[in-house]
Protein chains: 2
Amino acid sequence: MSEQRSPQPTGAERSRPARRGLRGCPASEARDRLVSAGLRPTAQRCAIAWLLNGPKHRHVTPEGLYQEASKARVSVSQSSIYNILRQFTEAGLLRQRTFRGLVIYDTDVSDHQHFLVEETQEVINMPGTPMRVGGLPSAPEGYEIVGVELIARVRSKR
Amino acid sequence: MSEQRSPQPTGAERSRPARRGLRGCPASEARDRLVSAGLRPTAQRCAIAWLLNGPKHRHVTPEGLYQEASKARVSVSQSSIYNILRQFTEAGLLRQRTFRGLVIYDTDVSDHQHFLVEETQEVINMPGTPMRVGGLPSAPEGYEIVGVELIARVRSKR
DNA sequence: ATCCTTGCAAAACGTTTGCACCTCA
DNA sequence: TGAGGTGCAAACGTTTTGCAAGGAT
């Protein structure tokens, strides 16, 4: 029996306590997503999937997610956080990126670029515009370009 | 008295042993550069400056530089490597960057972009072409773009 | 002589691993 | 029940720090 805990999806809908095993509720959707990805829907994975399942895309660090899970009364150990994030990444549910040496897991697995807020290190997804980069030098001899990553550093206007 | 060691500038001119305190020799140039940057020309700093002073720009990691220094018979501790790299960066002699979570110090402090070799994690400077990025979305509301970083991932053609 | 720099060792930090227990299908 | 997921604690590699000794001006 899936005695699911009730992680809060960061904000809205804190009012209704999770009911167990109910189909059609957010917890069940999270569970379905795991199964489709070929992962066993364990309690911890369901909870993490639910946490990451906000309406908007998110960028989380292992440490941040661990604290978030603790706040949401989800019992997950640190190593499980690392395991789960890696497993989700391998299953294609997340994408791992690094900005300024900080490891980030992005719930938006599509190809896109990022804004990086200087003051807060916050990462913001760029709308998936088909960007064109002009004047890009060709790859060094013997190499071929397999991808281009672009990071626009931004700071708040005052 | 400046009992300078003789680190080798990665390749060429290994033939002539360093002479001490001689003006006009590579060691002296390194020393002058430190002084101009407002840093005291200690033995360790001179040695590191000399190591980094190849004809081409370089990208080094702290550990890599530490090992290189050891091989070059330069006596520098690990913590001094970290200190010196930070001091050089603050003095504008180096620029710190991170690629894929790996901290890199770049002897090319000018604005430029990079190739990143997938297999080896090697970093290659792009020629400083005035690139034009088309279709770049404007910054999110309340933010302004202060810089754009671009990394072209490459792999060796077979 | 004074300040700054260095080196050592230990601490801090984030991440990974080994292993016993537990859970899910 | 068996495969595999989880939690704990310890290991790990990298970076930082505290402090005493040494060097530079």
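Since this is a predicted model, take the numbers as computed values, not measurements. Reminder, nothing fancy here: chain letters follow the sequence lines and each chain counts from 1.
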More 5' along DNA chain C: A:Arg86 or A:Arg40, using each one's nearest nucleotide?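 Looking at DNA chain C, the more 5' nearest nucleotide goes with A:Arg86.
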Let me have a per-nucleotide readout for nucleotides 7-13 of chain C, 5' to 3', with B, S or -, counting only protein heavy atoms under 4.0 Å. BB-----
Taking all non-hydrogen atoms of both residues into account, name the closest pair between A:Arg100 and A:Gln121 and its distance.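 Nearest pair, atom of A:Arg100 first, then A:Gln121: NH2-NE2, 3.7 Å.
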Interatomic distance, [X] [atom1] vs [N] [atom2] [rounded to whole Å]:
| X | N | atom1 | atom2 | result |
| --- | --- | --- | --- | --- |
| B:Leu85 | D:dT15 | CG | C1' | 12 Å |
| B:Arg45 | D:dG23 | CZ | C1' | 12 Å |
| B:Leu65 | D:dT14 | CG | C1' | 15 Å |
| A:Arg100 | C:dG14 | CZ | C1' | 18 Å |
| B:Glu63 | D:dG13 | CD | P | 12 Å |
| A:Leu34 | D:dG4 | CG | C1' | 15 Å |
| B:Tyr105 | D:dT14 | OH | C1' | 12 Å |
| B:Leu102 | C:dT15 | CG | P | 14 Å |

Thinking salt bridges, do A:Glu144 and B:Lys157 make one under a 4.0 Å N-O criterion?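 No, A:Glu144 and B:Lys157 are not salt-bridged.
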Could you tell me whether B:Glu149 and A:Arg153 have a side-chain N and a carboxylate O separated by less than 4.0 Å?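 Counted as a salt bridge, because a side-chain N and a carboxylate O are separated by less than 4.0 Å.
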Could you give me the CA-CA distance, side-chain angles and deciding distance for A:Arg58 and A:Glu68, then say whether side-chain contact (heavy atoms from CB on, under 4.5 Å) is met? CA-CA 13 Å; A:Arg58 304 193 51 194; A:Glu68 189 178 340; 2.9 Å; yes
Taking side-chain hydrogen bond (donor to acceptor under 3.5 Å, both in side chains) as the definition, give me every residue that meets it alongside A:Ser79, ordered by chain and number, with sequence neighbours left out.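 Partners of A:Ser79 by the side-chain hydrogen bond (donor to acceptor under 3.5 Å, both in side chains) criterion, ordered by chain and then number, come out as A:Ser77.
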A:Leu93 versus A:Leu39: any side-chain heavy-atom pair under 4.5 Å?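 A side-chain contact exists here, since the closest heavy-atom pair is under 4.5 Å.
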How about B:His59 and B:Asn125: does a side-chain donor come under 3.5 Å of a side-chain acceptor?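 Short answer, yes.
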Phosphate contact (D:dT15 OP1 or OP2) by B:Tyr82 side-chain N/O below 4.0 Å: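 Checking B:Tyr82 against D:dT15: at least one side-chain N or O falls below 4.0 Å of OP1 or OP2.
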Show your reasoning for whether side-chain contact (heavy atoms from CB on, under 4.5 Å) applies to A:Tyr82 and A:Gln78. CA-CA 7 Å; A:Tyr82 282 99; A:Gln78 222 166 222; 4.2 Å; yes
Determine to 10° how strongly the helix from C:dA1-D:dT25 to C:dA25-D:dT1 is bent, judged from the axes of its five-pair ends.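 Answer for the end axes of this duplex: 30°.
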